[in-house]
There are 2 protein chains.
Amino acid sequence: MVEHGGLDIMCLNKSYCHSSSTSSSSSEREKKIFTKLTVSLCEDYPQKNAEVLSGQYGTNLLLIGVALMLAIANHSAYIGEECLLLFITILMILQLIWMMWYIARRDNQNEVQLERDVHATTCWIRGGLTLLALLSLIMDAFRIGYFVGYRSCLSAVLGVYPVVHAIHTIAQVHFLWFHIKDVIKTFTTFERFGVIHAVFTNLLLWCSGVMSESEHYLKHHTRTLTVLGYANVTTVDVSPPCNCTTSACSMFSNSLYYLYPFNIEYHIFVSALLFVMWKNIGRTIDLEYNRKKLPTRTQGLVVGPILGLGALASTIGVLVVYIIHVEESLDTRESAISMFYIYGVVMLVLMCSAGVVGLLIYRAEPMPMDISENPSRKLETELLFGSAVGSWLMSWCSVVAVSTTHTGSSYRWTNLTYSLLIILEKYVQNLFIIESLYRHREDDESEEVEGAEPTTEIYSVTSSMATSYNGIINQAYENPDKDSVTMENEQEENGERYGCPQKHMGVASDVRNKMQETLSKKRQILKNITVFLFMCNISLWILPAFGCRPQYDNGIEEEMFGFTIWTTVLNFAIPMNLFYRMHSVASLFEVFRRV
Amino acid sequence: MVEHGGLDIMCLNKSYCHSSSTSSSSSEREKKIFTKLTVSLCEDYPQKNAEVLSGQYGTNLLLIGVALMLAIANHSAYIGEECLLLFITILMILQLIWMMWYIARRDNQNEVQLERDVHATTCWIRGGLTLLALLSLIMDAFRIGYFVGYRSCLSAVLGVYPVVHAIHTIAQVHFLWFHIKDVIKTFTTFERFGVIHAVFTNLLLWCSGVMSESEHYLKHHTRTLTVLGYANVTTVDVSPPCNCTTSACSMFSNSLYYLYPFNIEYHIFVSALLFVMWKNIGRTIDLEYNRKKLPTRTQGLVVGPILGLGALASTIGVLVVYIIHVEESLDTRESAISMFYIYGVVMLVLMCSAGVVGLLIYRAEPMPMDISENPSRKLETELLFGSAVGSWLMSWCSVVAVSTTHTGSSYRWTNLTYSLLIILEKYVQNLFIIESLYRHREDDESEEVEGAEPTTEIYSVTSSMATSYNGIINQAYENPDKDSVTMENEQEENGERYGCPQKHMGVASDVRNKMQETLSKKRQILKNITVFLFMCNISLWILPAFGCRPQYDNGIEEEMFGFTIWTTVLNFAIPMNLFYRMHSVASLFEVFRRV
């Protein structure tokens, strides 16, 4: 009884609110539900409350972590990094226990009862995450190596943490592969806590990674400034107070920072996936929704990949030149920054144009939007929108700084253009991705039309409709599989309905062939655009992830906003921007498979 | 054609996705829609995209404002407050033009076409907002007076801004009274931009108010610290470089800060209401949803109001004592802070208990949740949750600080208890409010039952059902007004259906009377709890709004996190906390009318 409580409530609520559409024979079923109700409601917690209850729990976990981080950021004497790591370790162990319990219980369950949400993730995303997880494991190995070298003077927590993190990573990847699509229907209230705990543990790991990374970059930045004679800031050095017993300690600690970006992306992506799982708890998935398979077509892909690879290659060139020149001398520093902005402007103009062309194609070819429920897609659009805010803020700050100060830097106007283009590019790209994700797929329809020509379902439906036209039941509307009846289908149906002979059908198929030709041409253009944008977003992720951050180096904004405010803005905006790029890459991949 | 484009698309989308439930006679209507479709889709923009397009526009408006504020916060030489005020003035003028256009167009429209969402706001909220708007107008008057005094050396923008703000306030209150419930169905894409522009203009006004207020408080705080000998910080004085030509300048500038809290609440509330209006654009409201009226019952209200008034009175006492003592000397300062924490602990324990009792009553009396679409309620719960984050963060920081530092302050442990109780209280209160808002109202059902005893609709429905039981059409389910058929109704129907005589009915009504008695007793308890929480939330709003902020004064957290980090946290958390309290007050009022 307890086990199905959540479901019962949902069913009841549905019948409660939409009862006007239920048929006359339902009164007995209703009676049964009502008798069940009194029991199930007492024993299970309403879904909405469980959501709030667990959501608040998770948020507070994260906030405890953030409070600890703020204390550490101040280099307080009372609290060290160990406290935070200890807290995270405990959270990871709890998550491990929950995952073990979940998997053990799930394995004992009847296969028939298990529902899955195929939209929750794709094997491409899981593959990518596995790769990121592998790099995280290498990071853990480096951390263990570092701890072993300094074990005489480091807290034991610093040794335990990477070990637990490695186990956590392996277990979590296993969980992602086999359970992330599960729609939980039993013990929902408890499972909600488990899943949200996992979500926020990963978010906290992300925050902690972001903090270490920015701190490292800031230290590196002030060191460079001191070398160049710009500033004279003494940094707090945190190397341990004893000697390394192995020869690899400095290698380990230096390599760590090249692996951080991957670890950071891994955790934020996992938390997004787990959040979708949390949203799916207690949902009822309709079968039709799960039925669709997405075939990927790749013909006609030339311009997009070539341009994209060009962008990627030039990005790596720019990265290398920038990192070498920015630390050399004041002159090379200025020219490196100028180079970056010019490169950026060219890239962004191309990306904006690609996005606009994509949107125009959509406008030229109207198609209704797919508004069916899909938590994964909803989250995707919200994250795109939300994570763009960080870099919009950064760009508007640059615009304000450049347009009001009067410094004579050579890159002043390119900086302004670059910032405005960044805003425009995110605006256009978000529109393009969201529209692509929400359009009804053309595949669904054209396939059904293609499949209709032999004697299949559609044909029999339309013919049965022709005979039963006097209006008893329209099968096309009763059959849930045929929900997405298209304009083309409609035309065909209309044709048959009014008794058009085969000759007419021939003309219709001619017209359809032509239509499909232009359709596939448009689709090819869209595919090329998507591939190009995909590569460009990878490029724009690589640059800040590996240390090319002219916002720190150009000095204009720092003069305007002061060091503290500007670095705070950057510490907030750059991680969000990195996430935005990675997330766009994943979304564009999805778009590529859909168009 | 253009005018109805948005609606057509929605209709189409619905039939597209839910076509399995449409009846057989719809094929001709469908055909008509399809012919319309090709025109309407070309001429209007899909709803989802218009949402993203306008949402991104609004977000960027806000971010420009935030960038300007950050520059001002740094006291940069290149940019002054005039820039920000000029920007806000332009936005307000644009909003005024849009509102005029909207009202003029709406007045010309046919009354029949206009749909309204009764859930969007209540006249109580509008009344409260009108009051806040009046206080804002007084503030504008003070500002104009201040400008007149210093007009020889102040920028003209400082004179134009309060005039435009006053006009904006009056026009906006008019708009709130007569148009906020409108469901816009024509020119949807354009109107979306208008409404979101209004939302973000108000948000920006909120941000700007919050900034001025925190800056003022911070200045006051450092001055106090200097007087007490704690710190020696020189503050930037911003009094104009000329003499006041009237005698009231200092009165105006000092009084301003007592009016700020009201102005701030006014703008954030208006933006929430406008956001609901934005969400409602293009929606189709079902009539049943709009039909319900909420009668407010007040019998049995004794304990709640008395306790609440007690809380309110003691709060005002605490406020006065605190503000006087905290600036007097170090000793009185410490005792004032101790007093505040003890008072806070008592209040919060009472509030937590009240919330827990409310939740227990809900658990004892299971009732299905109302999950019908209601953007206003959804926003309300999200805002409760979101705005609680600020003060949770603040409290966790306090917990971290108190439990790791070793200062000997007398209020150390009361601070810890207070912080933990703040977290718990918000947790419980959110659960209570959200559950209250999402429960099906008992009124709907009991009234229908009461109304059913004479020969009304329900009776005729049930009797017709008894005769036509062989299952053709169940009227109770076809009649949209009878959607919320209750358990009790069901029992009655079952009774009649199986031919129970009058005797049985008598027993049933006895049982029902008893049930209603316990129900009304429970309802009375809930009402008392709600009133008590309502008063307590007003109390906890008053304290920080009028300058009782021990988080600045107690020194423990500042020692732990450093001055910069801690004031940043407070500048973020305190405005959110103020909004949380005001928003809870509004929600609890809604809850009071529902239970």
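Throughout, protein chains are lettered first and strands after them, A, B, ... in sequence-line order, and every chain is numbered starting at 1.
- Top candidate by heavy-atom pairs under 4.5 Å with chain B, chosen from A:Y427, A:Y438, A:Y57, is A:Y427.
- For A:T564, the part lying near chain B is the side chain, with the backbone staying farther off; criterion is any non-hydrogen pair under 4.5 Å.
- By the 4.5 Å heavy-atom criterion applied to side chains, A:N49 and B:R363 are counted as neighbours.
- Here A:T405 pairs with A:T407, A:I556, A:M560, B:Y78 under the side-chain contact (heavy atoms from CB on, under 4.5 Å) rule; sequence neighbours left out.
- For a residue to count as touching a neighbouring chain, one of its non-hydrogen atoms must lie under 4.5 Å from one of that chain's; by this rule B:V400 touches chain A with the side chain only.
- For A:V399, no part lies under 4.5 angstrom from a heavy atom of chain B.
- With chain A as partner, the option from B:S395, B:A73, B:C397 having the largest number of non-hydrogen pairs under 4.5 angstrom is B:C397.
- In this structure, CD1 on A:I565 lies 6.0 Å from CG on B:L70, to the nearest 0.5 angstrom.
- If you measure heavy-atom distances from B:E559 to chain A, the contacts under 4.5 Å come from both the backbone and the side chain.
- Contacts of A:I434 with chain B are made by side-chain atoms alone, with heavy-atom separations under 4.5 Å and no backbone atom involved.
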Please lay out, stage by stage, how A:L53 and B:L431 fare under the test side-chain contact (heavy atoms from CB on, under 4.5 Å).
-> CA-CA 7 Å; A:L53 201 68; B:L431 273 175; 3.0 Å; yes
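- By the side-chain contact (heavy atoms from CB on, under 4.5 Å) test, B:E382 pairs with B:K378, sequence neighbours left out.
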Going by atom type alone, with no hydrogens or angles, which donor-acceptor pairs under 3.5 Å involve a side-chain atom of residues 386-393 of chain B and a protein atom two or more places apart or on another chain?
residue: B:S387; atom: OG; partner: B:L383; partner atom: O; Å: 2.7
residue: B:S391; atom: OG; partner: B:K426; partner atom: NZ; Å: 2.2
residue: B:W392; atom: NE1; partner: B:I423; partner atom: O; Å: 3.3

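- Contacts with chain B (heavy atom to heavy atom, under 4.5 Å) involve these residues of residues 58-66 of chain A, listed by number: A:T59, A:N60, A:L63, A:I64, A:V66.
- Shown here for B:F561 and A:A71, the closest heavy-atom pair between the two residues is CE2-N, 3.3 Å.
- For chain A, the option among B:T381, B:V569, B:T568, B:T404 with the highest count of heavy-atom pairs below 4.5 Å is B:T404.
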